[in-house]
**Q** 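Would you mind keeping the following structure in view while I ask a few things?
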Amino acid sequence: MLFSENILVALAGLKANKMRSLLTMLGIIIGIASVITIKTIGNTMTQFINEKMQSMGANNIQVGIMQKEGKKDLFYGRESDTYVRPMTDDDLISPDMLKSFREKFKDEVTYVVLSEYVTDGNYQKSEIVQGDRTAKVSVVGYNEDSFKFNKTKILGGRAFLKRDYDEAKRVCLLSDRAVERLYDGNMDEAIGKPIEVTVDGTYYTYYVVGVYEYVEQSLSLTGSNSPNPVTDLQIPYSTARNENHNQNKGYSYFNVVTAVGVDNNSFSKEMRDYFNVNFYSRNDAYDVIVLTASSMMEEFNSIIGMVETGLTVIAAISLLVGGIGVMNIMLVSITERTKEIGTRKALGATNFSIRLQFITEAVVICIIGGIIGIFLGVGLGTVIMKFVNQTAVISPDSILLAVGFSMVIGTFFGYYPANKAAKLNPIDALRYE
Amino acid sequence: MKDNIMLDLRNIHKSFFIGTPNEFEVLHGLNFTVKEGEFVSIVGQSGSGKSTLMNIIGALDRPTAGEYNLDGVDIEKAKDNELSALRNKKIGFVFQTYNLIARTSALKNVELPMMYAGMGRSERAERARELLAEVDMTDRMMHKPDELSGGQKQRVAIARAMANDPAIILADEPTGALDSSTGRMIMDIFHKLHEEHGKTIVLITHSPELSMETERIITLKDGTIIGESTGNWQGLKAKEGE
Ligand SMILES: Nc1ncnc2c1ncn2[C@@H]1O[C@H](COP(=O)(O)OP(=O)(O)OP(=O)(O)O)[C@@H](O)[C@H]1O
Ligand SMILES: [Mg+2]
């Protein structure tokens, strides 16, 4: 048919002018490659975060304090248009509030997970020094519920006792990794002995009561296969509160783990309303907000979506420039081939078939550019994701979209030159020198 | 059959606009007819308007004034698409500069008019092969134009002109760029098309000998027909017959 014939003619033309064709396609190649790269990275991130959130627990609700009212925020679901005042201790959720909350919802709430770092804000600097050996740790207090929720596995010694939590004992659990570094893995050497840890220049001493199994952080994009990870030096939550001089303070943030069968979406709202109606109705500036895994997922996805859209618009501009490049080269090509167009008309080509021939040629340029761009984009996306140890998620949708888009660009930017060719007067075209 | 009028031109004028308001008239009211199956040559000095006339005959250009009827079709009333169809089916062009499509094999070049006519792929390939065989180009049919000599290109061009079995062949100085022996070979092909296929042929030439081989000679001077004479074709035929 005429159509496949046109494709062959177009391909022969491209082959004859390889360098020029490549340069013409460059804009399309770059544009499509950027779109595909962005989409690949976006998809991979989305999938990664959603999986992690799912694994973090679909029955997990985060509770926190935020300034009241305002418009919708990107992440926390709200934004205050005016800053009222800084948060004070009176704005926090007091232990009494927490207690009455637990009693009210004892069937729905399995755990209230509390944790606190012993820190002045820079916990990464904590270190245990034993002779010439060191282990980097973060000193962090966990309550009994978080210990259970984290399913911490004790490898030697014992877990904390109720007494340890209630009386804020100066006891600790070391990770097997830390024991490996400090005692060559010999747990007996560690257990039952005091250990000294510096947190930003301040020394703390704890008695090691047991060793737990270190589990890699779940929300780390790089999958941290570090041979020397910073592990938790676990102490009772109450102890950590004491170290930070927070023992009588309320909580600005905690996690609630709900029982099996509880609908988190409605329960999280019920919970929020319970706090806000009972304890925060008279607070002038702050109240309680809740965040579930699914609401966080939605927020994440919408952020990634927005970033993706923004970048795609930029990439689309390069596609536009690419399209103009195609149009330009088509105009050149048509001028060069004026005599050919005249000859074709003399042989009986209609305006329609001339127009079709040149639109086909523009579309072929764009599709080839698009395909090269797809390969480049997929490759680039895969390589970038490899750097962060992720398998790239390639969506067939975006590939189809890219091919379709190249066709549209080819047709759109090819139409004007093709029409110009079609409308040439046969004899003027034939006589053209 | 020989009495059917193939081309009928009446009072044909052609002017070109060379910068307003000057109008430059090249053809000053030509009248002539060509019968079906006739082999006619048009001669005249350079710039006398031969090519201009030929372009009008070939429906590549429209006369400024006058009536032109090609095999029963009124050209001045035809629309662009009708002219395309007419050029495709009824006319075969042979140009002085061959005008083969670059980067396209001889075979594909010959197929082109059939493709525009909507003929099927295998059918047109087969016919193109036959046509190339007729001009003795079978062994070169896969070659691209830049791999062919002038005479070979012109033979491909003639095969292409014959593609849709047109009623009339228009040749504007087809031998003008060729040496005399190659020109002779091309002329022989035209004679074959005329005698064996019964084609109507209009040939523009500068060569008095070649024009003498045709049936009728139309002489143009400054856009006016100054004479018509009978060629020596009949005489040559008779000689051949002896
Ligand atoms: N498109 C045009 N615009 C202006 N003048 C033209 C155009 N085409 C032809 N002419 C003029 O018309 C006259 C006749 O030209 P034409 O090409 O028909 O001559 P010709 O008889 O074919 O000459 P030759 O034997 O050299 O090919 C010339 O003076 C030429 O300058
Ligand atoms: Mg001429």
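Remember, it's a predicted structure, so these values are computed and weren't measured experimentally. Because only heavy atoms are used, hydrogens play no part in the values below, and waters and symmetry mates are left out as well, while side chains stay in. Just so it is clear: chains get the letters A, B, ... in the order the sequence lines come, proteins before strands, and each one is counted from 1.
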**Q** With B:Val34, which of B:Asp8, B:Leu70, B:Ile201, B:Val40 fulfils side-chain contact (heavy atoms from CB on, under 4.5 Å)?
**A**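 The residue from B:Asp8, B:Leu70, B:Ile201, B:Val40 that satisfies side-chain contact (heavy atoms from CB on, under 4.5 Å) with B:Val34 turns out to be B:Val40.
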
**Q** Can you tell me which portion of A:Thr350 sits under 4.5 Å from chain B's heavy atoms? Options are side chain, backbone, both or neither.
**A** both

**Q** By a 4.5 Å heavy-atom criterion (distance strictly below it), what part of A:Asp428 contacts chain B: side chain, backbone, both, or neither?
**A**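 Looking at A:Asp428, nothing touches chain B.
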
**Q** Would B:Lys192 and B:Phe190 count as a cation-pi pair here, with the cationic atom under 6.0 angstrom from the ring centre and within 45° of the axis?
**A**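 Verdict for B:Phe190: no cation-pi partner in B:Lys192.
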
**Q** With a 4.5 Å cut-off on heavy-atom pairs, point out which of A:Asn425, A:Leu8, A:Ile427, A:Asn351 contacts chain B the most.
**A** A:Ile427

**Q** Going by an N to O cut-off under 4.0 Å, is there a salt bridge joining B:Asp165 and B:Lys89?
**A** no

**Q** Test B:Leu7 against every option in B:Ile57, B:Ile75, B:Asn69 by the side-chain contact (heavy atoms from CB on, under 4.5 Å) rule and name the one that passes.
**A** B:Ile57

**Q** Would you please indicate yes or no on a ring centroid separation below 6.0 angstrom for A:Phe413 and A:Tyr415?
**A** no

**Q** Apply salt bridge (Lys or Arg N to Asp or Glu O under 4.0 Å) to residues B:Arg62 and B:Asp80 and explain how you reach the verdict.
**A** CA-CA 11 Å; B:Arg62 291 171 188 270; B:Asp80 276 358; 3.5 Å; yes

**Q** Which region of A:Arg344, side chain (C-beta onward) or backbone (N, CA, C, O), has a non-hydrogen atom less than 4.5 Å from a non-hydrogen atom of chain B, or is it both or neither?
**A** both

**Q** Backbone N or O of A:Ala422 within a donor-acceptor pair of the A:Lys345 side chain at under 3.5 Å?
**A** yes

**Q** For the side chain of A:Thr335 and the backbone of A:Leu331, is there at least one donor-acceptor N/O pair under 3.5 Å apart?
**A** yes

**Q** Identify which of A:Lys15, A:Lys339, A:Arg431 forms the greatest number of heavy-atom pairs closer than 4.5 Å to chain B.
**A**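 Greatest number of close heavy-atom pairs with chain B: A:Lys339.
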
**Q** Which residues in residues 134-144 of chain B have a heavy atom less than 4.5 Å from any heavy atom of chain A?
**A** none

**Q** List the atom of A:Gly373, the atom of A:Ile32, and the distance in Å for their closest heavy-atom pair.
**A**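 For A:Gly373 and A:Ile32, the tightest heavy-atom pair comes out as C-CG2, 3.9 Å.
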
**Q** Is B:Ser51 close to chain A through its backbone or its side chain, or both, or neither, when contacts mean heavy atoms under 4.5 Å?
**A** neither

